[in-house]
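Below is one structure; the comments refer to it alone.
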Amino acid sequence: MINNKQIILASSSPRRLQLLKQINLKPHKVVSPNIDENKVISNSIHKRPVEIAYNKALYVKKKYKKSIDYILAADTLVYRAGKIFEKTDNKNIIKEYLKNLSGKKHYVYGGICIIGPKGQVLKKSVTTEVFFKKVSREEISNENFLIEGIGKAGGYAIQGLGATLIRKIKGSYSNVVGLSLYDTLNMLKGIS
C-alpha cells in the first residue's frame, strides 16, 4: 500500500484533506491546482468532474516533474434537471439552490484521478443520488445554512447543517462531501 509520504493532494478543498485524514492517509503535500474549470470540455455531465480532476492532477504533475509521488485529484458537481449547481459565495444564489433542490432528487457526480510515479493514470466517475426533504422558507433564509453553503457545490454541506435537509442518499456519502473514500482506496491499491 502507498504510504502518506508518497501522496500529493491536488486540491484546495479542506474537506478532501479531512476525508483522507479520516482514513489515516495524510498527504505530505497539498497543492492548489491553478486551472480554469470552465475551459474543461466533456461530452457528458457525469464525466466532467473526472476531466477536471485529471486536469488538476496534470497541473501538479507538470509542477513536480521529477516527483516519485502519487498525485490524487478530485472534483464534485451537483446536477438536477439540466442545471449545474456551481460553487458560489452569493447567498441569494444559495437560496435559489435550496428552493430548486427542495423536495427533489439530485445527483452528485464525483471525479477522481490518480497519476502514479511512472505516469500511469487512473480515472473514476462516482455518482450519488441525494433526496432532499421539502425545505421550509425559514430554513432557506436561515443565515447559518447560507454561510455554510458558501463555496460548496449545491450550496449545502452534507457533513454540517445540510444533513438535516437530506431524507436519504443512494451511493457514497463521502462522494457528496468531496471524495469517495471507498473508490479512492481501491484506486490507490490498483495503481501501487
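Model, not experiment: these values are computed from the prediction.
Looking at residues two or more places apart in sequence or on another chain, you find a side chain to side chain contact (heavy atoms under 4.5 Å, CB included) between Val30 and Leu9, Leu17. Evaluation of the side chain to side chain donor-acceptor pair (under 3.5 Å) rule for Lys56 yields Asp75 as partners, not counting sequence neighbours.
Ring geometry for Phe85 versus Tyr97: interplanar angle over 60°, hence perpendicular rather than tilted (30 to 60°). By the 30° and 60° cut-offs, the orientation of the rings of Tyr156 relative to His106 is perpendicular.
Asn175 and Ser172 share no donor-acceptor pair across their side chains, judged by distance under 3.5 Å alone.
Annotation for Lys91: atom NZ counts as buried by contact number, over 12 foreign heavy atoms lying within 6.0 Å. Annotation for Lys47: atom NZ does not count as buried by contact number, only 12 or fewer foreign heavy atoms lying within 6.0 Å. No more than 12 heavy-atom neighbours from other residues, nucleotides or ligands sit within 6.0 angstrom of NZ on Lys21.
Using a 4.0 Å cut-off between charged nitrogen and carboxylate oxygen, Lys168 and Glu129 do not count as a salt-bridge pair. Salt bridge annotation for Lys99-Glu96: present, with a cationic side-chain nitrogen under 4.0 angstrom from a carboxylate oxygen.
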Could you check Ile140 against Arg137 for side chain to side chain contact (heavy atoms under 4.5 Å, CB included), going step by step and ending with a plain yes or no?
CA-CA 5 Å; Ile140 289 170; Arg137 279 191 208 138; 5.7 Å; no
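The residue from Leu72, Ile115, Ile71 that alone fulfils the side chain to side chain contact (heavy atoms under 4.5 Å, CB included) condition with Val60 is Ile71.
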